[in-house]
Amino acid sequence: MSALPVPPLVDQHCHGVVRGDPDDDLFASFLTESDLPAADGTSFFDTQLGFAVRRWCPPLLDLEPHCPPARYLDRRRELGGAEATRRLLGACGIADYVVDTGLGRPGELLAPRELAAAAGGAGSHEVVRLERLAEGLADRAGGLSSFLDELATGVPAAARTAVAFKSVIAYRHGLDFAPEPPAPAEVRRAADRWLVGRAPGDRLTDPVLMRHLLWSAAETALPVQLHTGFGDPDLRLHRCDPLLLTDFARAVRPTGCALVLLHGYPFHRGAGYLAHAFPHVYADVGLALTHTGARAGAVLAEMLELAPFDKLMFSTDAYGLPELYVVGAELFRRGLSRLLTGWVDEGAWSSGDAERVAAMVAAGTARRVYGLAPGDGASASFG
Amino acid sequence: MSALPVPPLVDQHCHGVVRGDPDDDLFASFLTESDLPAADGTSFFDTQLGFAVRRWCPPLLDLEPHCPPARYLDRRRELGGAEATRRLLGACGIADYVVDTGLGRPGELLAPRELAAAAGGAGSHEVVRLERLAEGLADRAGGLSSFLDELATGVPAAARTAVAFKSVIAYRHGLDFAPEPPAPAEVRRAADRWLVGRAPGDRLTDPVLMRHLLWSAAETALPVQLHTGFGDPDLRLHRCDPLLLTDFARAVRPTGCALVLLHGYPFHRGAGYLAHAFPHVYADVGLALTHTGARAGAVLAEMLELAPFDKLMFSTDAYGLPELYVVGAELFRRGLSRLLTGWVDEGAWSSGDAERVAAMVAAGTARRVYGLAPGDGASASFG
Amino acid sequence: MSALPVPPLVDQHCHGVVRGDPDDDLFASFLTESDLPAADGTSFFDTQLGFAVRRWCPPLLDLEPHCPPARYLDRRRELGGAEATRRLLGACGIADYVVDTGLGRPGELLAPRELAAAAGGAGSHEVVRLERLAEGLADRAGGLSSFLDELATGVPAAARTAVAFKSVIAYRHGLDFAPEPPAPAEVRRAADRWLVGRAPGDRLTDPVLMRHLLWSAAETALPVQLHTGFGDPDLRLHRCDPLLLTDFARAVRPTGCALVLLHGYPFHRGAGYLAHAFPHVYADVGLALTHTGARAGAVLAEMLELAPFDKLMFSTDAYGLPELYVVGAELFRRGLSRLLTGWVDEGAWSSGDAERVAAMVAAGTARRVYGLAPGDGASASFG
């Protein structure tokens with residue numbers, strides 16, 4: 001098979017791009033999940049992600065691939081952040097952005113519509129982060145009863161404009177939470193404990209309230225995205241294994257919501273198993289590809305073991321830098337293309353099946369799960 | 001190395017084939033470990049296993065590889081289930097079937113001898129499932145004392161005709177059970193609790209009784225097969241990590257029984273470690289290859305890291321469809337052959353060692369562990 | 001890229017080589033992490049490590065690669081252990097040995113300087129094993145107070161000559177220990193419990209004392225090496241997942257010590273994550289490469305996913321046999337070279353970056369972390 005046609009992508013989980021020109025330190029900080037400075041004598045550019053950025057992005061700013069970081073950052077400043085963003089997003093082949101708007105300080109990041117406009121007229125869709133929603137309501141609430149009332153109406157209200165919810169209970173508690181919905185009295189007590197003495201902006205970490213949010217979201221029947229696997233060191237990774245969600249997945253199935261397990265690395269095979277075992281569970285390739293660079297195809301291959309091909313979705317989890325959309329999309333398309341054409345060439349798959357699977361993972365399943373309009377872009381070939 | 005000779009296989013863990021013609025839904029249900037229907041808009045054929053079935057089986061029914069599922073199912077019906085079974089099993093190159101007879105409703109599946117006959121005169125050997133044995137005794141027992149008496153004689157009696165025991169404590173409880181044998185008084189109390197109010201056919205889920213069964217089986221010195229790793233969503237996969245068996249493996253070693261860790265995926269490297277660390281522990285490639293299709297060679301490669309080459313055994317874990325024997329055997333032979341010839345070609349292994357290892361994993365170790373007669377079939381070459 | 005230059009290696013974690021001629025059983029016992037005899041009908045030579053020894057070592061003793069084990073052992077005896085050691089170490093391309101001296105009976109193994117001399121003038125550096133240090137002090141201590149006093153001065157005293165500390169709390173307890181330093185009164189009580197009735201030579205297994213040792217070592221700001229992942233069956237592998245160290249890594253960071261996570265297999269991706277997430281955490285490829293032989297490159301590739309390239313270090317973890325240095329070094333250099341030249345050839349990396357990363361992992365990072373003098377050996381090319 002000489003080349004695999006891949007349709008324009010739906011990025012089923014991403015964040016915004018920073019406004020203006022990031023300085024060098026801020027730029028480097030977006031290349032890592034660490035929230036700490038690099039060790040003395042080391043650089044966040046000396047990672048698979050750093051090398052992948054240097055492979056794919058310089059040519060879009062008229063430089064040679066693999067030029068030194070300083071040269072790249074100079075050129076980026078020369079062009080200005082807005083132009084760099086326009087060039088980078090314009091080249092990444094993403095037709096629709098499904099944006100988790102719950103990250104970043106107010107105004108720090110481009111809003112979904114601005115992002116889509118910068119990409120040259122892509123579609124944009126919002127994912128509402130449950131913990132941020134609750135924190136906003138708590139900031140504004142007059143007291144316990146009004147908070148609970150607003151929560152009861154706020155989640156269904158958000159469901160009218162968002163295409164999905166997102167939970168970061170993995171970060172704030174771990175995925176080893178009690179699978180059943182908390183009783184109303186429990187929720188009330190937990191809310192009371194949380195609100196007393198809470199300062200505006202304080203984060204929600206109470207597992208009872210986060211479980212209540214998850215169940216409230218599930219009852220809207222909108223898909224619920226869950227962070228699983230690696231992320232910044234706020235989390236304890238051994239408590240973010242998606243398999244810890246097994247009982248919750250079983251319990252929540254009658255609501256009719258889809259559960260989308262994000263990232264998952266290094267437990268992504270477990271995420272694939274859950275997508276195999278439960279009809280309402282989906283898995284995502286996101287962050288794992290971006291951060292593994294030259295190894296992204298190998299990681300993607302592991303996702304293509306147990307996960308049914310129609311239960312796996314592309315995303316970049318890009319945050320802050322337009323470079324991360326470019327890298328996420330390139331690594332995905334090239335990794336997928338190499339794998340699938342390899343299987344076709346050895347006779348294990350038919351070329352028709354390979355094209356069909358590529359279309360599902362790149363865009364089709366996300367369009368179905370989030371109810372997006374059919375894409376109309378032509379497929380580009382990667383061989 | 002142009003081709004690797006692989007002897008006729010011993011399938012060291014499989015189940016039977018359904019009698020008669022499975023309808024389309026039943027056929028599809030055997031392609032997944034899920035016990036739920038496929039999600040709307042998805043098909044169990046769109047999986048690595050589905051693609052592997054479409055790669056290897058249509059030619060055996062006079063069709064092109066990768067023909068559409070509906071065409072394959074039509075042709076299968078046209079030939080009839082018995083003829084399809086005869087053709088498929090006849091082509092799979094398995095010389096001996098070691099059959100766990102504890103799955104399926106009575107009469108639903110071909111018995112071991114029928115299976116071997118349909119395969120054109122292969123050997124068949126029985127594995128007794130401990131939980132099913134205890135459930136059968138409980139169905140027929142007059143009371144607590146007679147149940148305990150029958151259990152005490154039933155396990156050694158089964159050992160006289162079976163070649164191994166099997167436990168599904170992974171499904172019914174998890175592998176995080178207490179490693180030591182339960183005391184007689186504990187067993188008596190657990191049996192009493194279980195029998196009171198038990199309806200015929202009720203499944204055994206009591207960990208004390210399952211541990212008692214495991215120890216009773218071990219004391220016969222017959223090999224004990226344990227399900228580990230993924231399976232249907234009855235289990236909670238994070239409690240099926242074979243490493244959770246470490247203390248049990250250490251405790252049971254003095255009995256002289258071999259422990260055979262089935263499947264293991266995605267924890268198969270841990271199973272390889274236990275086979276490395278303990279002389280009486282063996283690992284199996286079974287289900288993990290069948291369900292990962294085009295990726296089976298990659299998964300097999302991971303098993304060939306820590307597991308000593310003489311501690312690893314082939315199986316299909318096939319259940320219901322003769323297609324699963326074909327796929328399991330093809331994926332194993334081709335994956336093994338590609339890996340080993342690759343290592344020979346790069347000078348890492350000698351060709352003599354590669355042939356020796358292929359013979360061990362394909363059949364030799366299973367013949368030794370289960371006490372089967374030496375095979376007499378000629379090796380076929382796969383390059 | 002035709003060949004990747006790799007500088008002389010720093011082996012950042014190894015043990016000594018046995019004096020004299022090991023007999024055949026002793027030789028075979030060093031090929032496995034098992035502390036038990038091989039199962040009937042099996043041989044520790046039939047492993048990836050056994051095959052790798054037979055691939056790389058016979059030519060250094062004037063034999064053909066892959067000659068039978070008995071032929072190799074005969075020739076080794078013919079040459080004598082000292083000459084075999086001289087030939088094997090002389091060929092392994094290791095410039096500096098960082099030696100954990102806490103393994104082996106007194107006098108059983110060559111001391112670091114003897115090892116370096118046998119290698120033809122390499123450098124040698126000592127790693128002090130904390131548990132052995134405490135056991136030695138307990139053997140000689142007059143009572144509780146003198147033991148605690150000697151511990152308080154012994155750790156900083158060791159830091160004046162050693163380049164790092166090592167802990168085997170993974171073996172003796174598991175990595176799921178309380179992350180904070182134990183209070184002095186707790187330490188005193190634990191020491192009292194341990195010393196009462198202790199026979200000379202008894203091993204330290206008390207988690208309070210081991211945590212106290214870890215914190216005492218960290219406060220010297222010397223690097224602390226921690227065994228993680230597989231090893232002999234003394235450990236329970238599911239309690240040796242490096243991710244269980246997350247809270248300890250966070251707690252210990254203010255001391256300024258580096259944490260070096262050894263081995264990690266099969267949890268090495270988690271070790272890579274911690275090296276990614278925390279500036280003071282480093283990961284090691286050691287034992288995992290040696291024991292996976294023809295698969296070492298695949299395992300190394302998994303380490304090169306999340307671990308920043310300047311946070312990953314080579315080691316052999318060789319113990320007892322000079323053959324293990326040869327195998328560890330060859331597998332590392334060839335695996336790394338194949339991976340990196342492959343990435344250069346497909347355009348994912350530049351050749352300059354590949355050379356830079358090879359130099360970091362082979363030696364540069366270890367020289368920085370342990371404060372070793374710059375190497376002066378020329379790079380050898382591996383393509």
Side-chain angles (χ1 to χ4, degrees), chain B residues 175-176 179 238 241-247 249-250 253 256 258 266-282 298 300-312 339-340 342-344 346-354 356-357 360-361 364-365 367-369, chain C residues 31-52 54-56 58-59 64-69 229-241 265-269 287-299 302 330-331 334-335 338:
Chain B
L175 298 176
D176 47 352
H238 60 290
D241 183 340
L243 291 178
L244 297 171
L245 291 169
T246 307
D247 288 334
R250 190 182 288 111
R253 196 168 78 88
F267 310 115
H268 44 289
R269 282 170 155 169
Y273 166 72
L274 292 177
H276 175 116
F278 293 105
H280 62 308
V281 174
Y282 292 78
L300 180 59
E302 294 175 348
M303 296 295 310
L304 289 166
E305 289 168 1
L306 272 200
F309 304 135
D310 34 28
K311 306 289 284 300
L312 192 61
L339 281 171
L340 271 48
W343 292 337
V344 171
E346 72 191 41
W349 286 29
S350 72
S351 60
D353 282 332
R356 208 162 50 83
V357 169
M360 285 173 187
V361 182
T365 296
R367 292 195 183 283
R368 177 167 56 78
V369 168
Chain C
L31 298 180
T32 178
E33 286 294 306
S34 182
D35 54 4
L36 300 165
D40 285 349
T42 75
S43 158
F44 289 139
F45 274 98
D46 283 340
T47 56
Q48 290 283 10
L49 174 52
F51 283 18
R54 287 173 51 221
R55 162 71 186 90
W56 296 109
E64 290 295 304
H66 302 297
C67 74
F230 89 112
D232 73 57
D234 223 24
L235 56 72
R236 279 166 294 173
L237 186 46
H238 61 288
R239 293 181 58 187
C240 300
D241 183 340
Y265 182 98
F267 310 116
H268 43 290
R269 281 170 156 169
L287 196 54
L289 300 199
T290 299
H291 278 278
T292 56
R295 286 284 298 167
V299 173
E302 294 175 347
E330 289 290 350
L331 292 172
R334 296 194 177 247
R338 182 186 291 201

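In what follows, every heavy atom counts, from backbone to side chain, and hydrogens, waters and symmetry copies are set aside. On a predicted model such as this, the values are computed, not experimentally measured, just so you know. Order of the sequence lines sets the chain letters (A, B, ...), proteins ahead of strands, with each chain counted from 1.
Scanning all heavy atoms of the two residues, the minimum distance from B:Pro279 to C:Leu36 falls at CD-CD1, 3.4 Å. Taking every heavy atom of both residues into account, B:Glu305 and C:Gln48 meet most closely at O-CG, 3.5 Å. When every heavy atom of C:Ala39 is checked against every heavy atom of B:Lys311, the shortest pair comes out as CB-CE, 4.5 Å. Shown here for B:Ala348 and C:Arg55, the closest heavy-atom pair between the two residues is O-CB, 3.9 Å.
The residue among C:Phe230, C:Tyr265, C:Phe267, C:Trp56 with the most heavy atom pairs within less than 4.5 Å of chain B is C:Tyr265. Taking chain B as the reference chain and counting heavy-atom pairs below 4.5 Å, the highest number among C:Thr47, C:Asp35, C:Val299 is found for C:Thr47. Considering only heavy-atom pairs separated by less than 4.5 Å from chain C, the leading option among B:Gly270, B:Ala258, B:Gly347, B:Gly342 is B:Gly347. The choice from B:Leu274, B:Leu304, B:Leu339 that makes the most heavy-atom pairs within less than 4.5 Å of chain C is B:Leu304. The candidate from C:Ala288, C:Gly50, C:Gly41, C:Ala296 with the greatest count of non-hydrogen atom pairs under 4.5 Å with chain B is C:Gly41.
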Criterion side-chain contact (heavy atoms from CB on, under 4.5 Å) on C:Thr42 and B:Arg368, from CA distance to verdict: CA-CA 11 Å; C:Thr42 75; B:Arg368 177 167 56 78; 3.5 Å; yes
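For chain B, the nearby part of C:Asp234 is the backbone; its heavy atoms alone come within less than 4.5 Å. Proximity to chain B (any heavy atom under 4.5 Å) is restricted, for C:Asp232, to the backbone atoms N, CA, C and O. Contacts of B:Trp349 with chain C are made by both backbone and side-chain atoms, with heavy-atom separations under 4.5 Å. With a 4.5 angstrom heavy-atom cutoff, C:Glu64 does not touch chain B via any of its atoms. Only the side chain of B:Tyr273 comes within less than 4.5 Å of a heavy atom in chain C; its backbone stays farther off. Neither the backbone nor the side chain of C:Phe45 comes within contact range of chain B, judged by heavy atoms closer than 4.5 Å. At a 4.5 Å heavy-atom cutoff, C:Leu49 makes no contact with chain B through either its backbone or its side chain. Within the 4.5 angstrom heavy-atom criterion, atoms from both the backbone and the side chain of C:Ala294 approach chain B.
The side-chain contact (heavy atoms from CB on, under 4.5 Å) search around B:Ala249 returns B:Leu259, B:Phe278, B:His280, B:Val281, not counting sequence neighbours. The side-chain contact (heavy atoms from CB on, under 4.5 Å) test applied to C:Arg239 returns C:His173, C:Asp176, C:Arg236, not counting sequence neighbours.
A salt bridge links B:Glu346 and C:Arg338; the closest N-O separation between the charged side-chain nitrogens and carboxylate oxygens is under 4.0 Å.
Atom CG in C:Asp46 sits 7.0 Å away from atom CG in B:Asp353 (nearest 0.5 Å). Taking CD from B:Glu302 and CD from C:Glu302, the interatomic distance works out to 6.0 Å, rounded to the nearest 0.5 Å. In this structure, CG on B:Asp310 lies 11.5 Å from CG on C:Asp40, to the nearest 0.5 angstrom.
Side-chain contact between C:Phe51 and B:Trp343 is absent, with no heavy-atom pair separated by less than 4.5 Å. Contact of the C:His238 side chain with the B:Leu244 side chain is registered, since non-hydrogen atoms from C-beta on lie closer than 4.5 Å.
A donor-acceptor pair under 3.5 Å links the side-chain atoms of B:Arg250 to the main chain of C:Pro233, judged by distance alone.
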